[in-house]
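Each remark here refers to the structure printed beneath this line.
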Amino acid sequence: MTATALLVVDVQNDFVEGGSLAVAGGTAVAADIVDFIDRSRADYALIVGSRDWHTPDSDNGGHFALTGAPDFAGTWPVHCVAGTPGAEYAHPELSQRLTHQVRKGMDEPAYSMFQGVAVDSGQSLTTLLRAADVEAVDVVGIATDYCVRATALDAARSGLCTRVLLPLTAGVAPESTRAAVDELIDAGVEVVR
Ligand SMILES: [Zn+2]
């Protein structure tokens with residue numbers, strides 16, 4: 001039987017309602033992901049959660065618009081600064097449901113979970129997945145059109161059988177979310193609606 005991992009991308013306070021880079025529907029998605037894990041735990045060899053974990057007092061490689069207005073495509077309001085409430089998980093019970101946690105975005109823009117490193121071991125996500133003989137991943141989280149997109153594209157490129165569970169994601173904007181879904185399908189990702 002193929003081992004499958006669930007990748008829970010950036011379900012963090014700054015990406016849900018009330019956060020500095022709030023995505024509409026994020027809070028509901030956070031709760032739905034926790035419920036989904038409770039129903040589906042047996043289906044997954046690993047459940048890996050990522051957090052955007054940016055460096056304080058830095059523009060993080062041009063990722064933060066510290067002067068002038070962000071363009072919400074390549075520059076963003078300050079978000080998910082390491083150790084701040086905005087960087088915490090957006091559901092109080094999520095962290096205890098994860099088997100592994102990775103952090104990404106330390107002093108750089110990092111949209112894909114594959115750019116992250118494990119909090120405890122410092123291993124890459126690829127190393128974690130290989131160690132568990134994972135050949136398939138399901139991707140959920142925030143935001144559909146940015147970090148979920150980038151994570152799923154990297155997963156497919158690395159040869160993993162990749163699905164995005166669309167109802168368990170939230171997108172920044174409808175147009176870019178539609179474009180991301182088309183791009184994912186073109187890349188061979190199964191988009192489950
Ligand atoms: Zn970021």
Side-chain angles (χ1 to χ4, degrees), residues 6-30 33 47-91 94-95 98 100-120 122-126 128 137 139-158 164 166 168-177 179-181 183-184 189:
L6 180 67
L7 305 182
V8 182
V9 178
D10 296 11
V11 178
Q12 294 173 263
N13 285 331
D14 270 342
F15 295 142
V16 303
E17 287 85 347
S20 67
L21 187 38
V23 176
T27 299
V29 158
I33 288 171
I47 300 178
V48 186
S50 66
R51 280 190 286 174
D52 219 13
W53 199 255
H54 291 305
T55 304
D57 305 317
S58 162
D59 73 357
N60 286 275
H63 189 54
F64 288 174
L66 294 182
T67 58
D71 65 12
F72 291 91
T75 61
W76 305 92
V78 172
H79 61 273
C80 299
V81 172
T84 65
E88 290 305 311
Y89 292 107
H91 191 289
L94 179 56
S95 68
L98 304 172
H100 297 80
Q101 303 187 49
V102 305
R103 291 172 177 169
K104 62 183 179 62
M106 290 74 84
D107 220 24
E108 62 176 8
Y111 295 98
S112 169
M113 190 191 286
F114 285 85
Q115 292 171 268
V117 294
V119 172
D120 51 353
Q123 290 180 314
S124 70
L125 177 60
T126 299
L128 292 176
V137 294
V139 185
V140 301
I142 306 170
T144 323
D145 33 356
Y146 291 94
C147 292
V148 168
R149 167 190 168 275
T151 300
L153 288 174
D154 274 353
R157 277 189 208 111
S158 68
V164 169
L166 205 59
L168 297 178
T169 71
V172 171
E175 187 54 41
S176 51
T177 297
V181 166
E183 185 181 9
L184 288 165
V189 173

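Just follow the structure's listing: the first ligand is 1, and inside any ligand the first atom is 1.
Protein-derived N/O/S atoms nearer than 2.8 Å to the Zn ion (ligand 1) total 4, waters excluded.
Between Y146 and Y111, the ring planes are tilted. Angles from 30° to 60° get that label.
Partners of E17 under the salt bridge (Lys or Arg N to Asp or Glu O under 4.0 Å) rule, at least two apart in sequence or in another chain, do not exist in this structure.
Looking only at distances, a side-chain donor or acceptor of Q12 sits under 3.5 Å from a matching main-chain atom of A87. Judged by distance alone, with hydrogens and angles left aside, the side-chain atoms of N60 form a donor-acceptor pair with the main-chain N or O of S58 at under 3.5 Å.
Considering SG of C147 and CZ of F15, their distance stands at 6.0 Å, rounded to 0.5 Å.
Between V23 and the choices T169, V172, D14, D10, the side chain to side chain contact (heavy atoms under 4.5 Å, CB included) rule is met once, by V172.
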